[in-house]
Amino acid sequence: RVSAGLVTTDGHGVYYDGEAIHNSLTDKLLDLLEDGFDVKPWARFMDNLMQNPSYNSRECLYNFLDHFSAPITEDGCFIAFKRVRENYKDVHTGTMDNSPGNVVSMPRSRVDDNPNNTCSSGLHACADEYLKGFATGSSYRTVAVKINPADVVAVPADYSFSKMRVCEYYVLGDVDDKQIE
């Protein structure tokens, strides 16, 4: 029996606050458990995800995770990427500092939650696939960011669900092409 927050599993099913949950994430958690892996990070991830107030945001995040094997952290967050200017400022406005160690945030109410809107207001993060065609060149760098699933607001369907808008992330540090792969 594994539990984290309100998530529990008995090896046969996954439950949130006593209610059975069936989706690709619970299937993965049960597969990992059956293969002998420590599933506590995944259970914490699910607990964090279920704290996201938007049903649509939770469902959209599954699409992102299905297309990108985002590393899950011990505390139930996940790692994604962000392209920034050489000075760590954001690409679009040049005003947000994405230096390693910074928490970048904005009010959730100011992030566009419509996944049908491709480019819109919010803090952006992406999968490795999206980086291949966005802000390439020597005047940009890529940073890894840690995102709590509760802070995911929208995952647009364009670009195969490889980018998202969030209301907060923690900048871990620079990554090179080899680390991204």
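- With Asn102 contributing its side chain and Tyr170 its backbone, the two residues share no donor-acceptor pair below 3.5 Å.
- Evaluated for a side-chain contact (heavy atoms from CB on, under 4.5 Å) with Cys60, the options Val155, Leu65, Val153 yield exactly one hit, Val155.
- Side-chain contact between Val103 and Glu168 is present, with at least one heavy-atom pair separated by less than 4.5 Å.
- With Glu19 contributing its side chain and Tyr15 its backbone, the two residues share no donor-acceptor pair below 3.5 Å.
- For Asn23 (side chain) and Thr26 (main-chain N/O), a donor-acceptor pair under 3.5 Å exists by modelled atom type.
- The aromatic rings of Phe64 and Phe78 are tilted relative to each other, their planes meeting at an angle between 30° and 60°.
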Run the side chain to side chain donor-acceptor pair (under 3.5 Å) check on Asn98 and Tyr169 step by step: do they pass?
-> CA-CA 10 Å; Asn98 290 274; Tyr169 57 78; 2.4 Å; yes
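- The backbone N or O of Val91 lies less than 3.5 Å from a partner atom in the side chain of Arg85, making a donor-acceptor pair.
- Using a 4.5 Å heavy-atom threshold, the side chains of Pro156 and Arg165 count as touching.
- In terms of modelled atom types and a separation under 3.5 Å, the side chain of Arg58 and the main chain of Asn52 share a donor-acceptor contact.
- Look at Asp113 and Arg108 and you find no salt bridge, because none of the NZ, NE, NH1 or NH2 atoms lies under 4.0 Å from a carboxylate O.
- Within the 3.5 Å criterion, the main-chain N or O of Val7 finds no donor-acceptor partner in the side chain of Ser3.
- Dense packing is recorded around NZ of Lys40, with more than 12 heavy atoms of other residues, nucleotides or ligands lying under 6.0 Å away.
- Contact of the Pro115 side chain with the Glu59 side chain is not registered, since no non-hydrogen atoms from C-beta on lie closer than 4.5 Å.
- A 4.5 Å side-chain heavy-atom check between Val2 and Leu33 finds at least one atom pair inside the cut-off.
- Rounding to the nearest 0.5 Å places CG of Leu25 at 6.0 Å from CZ of Phe45.
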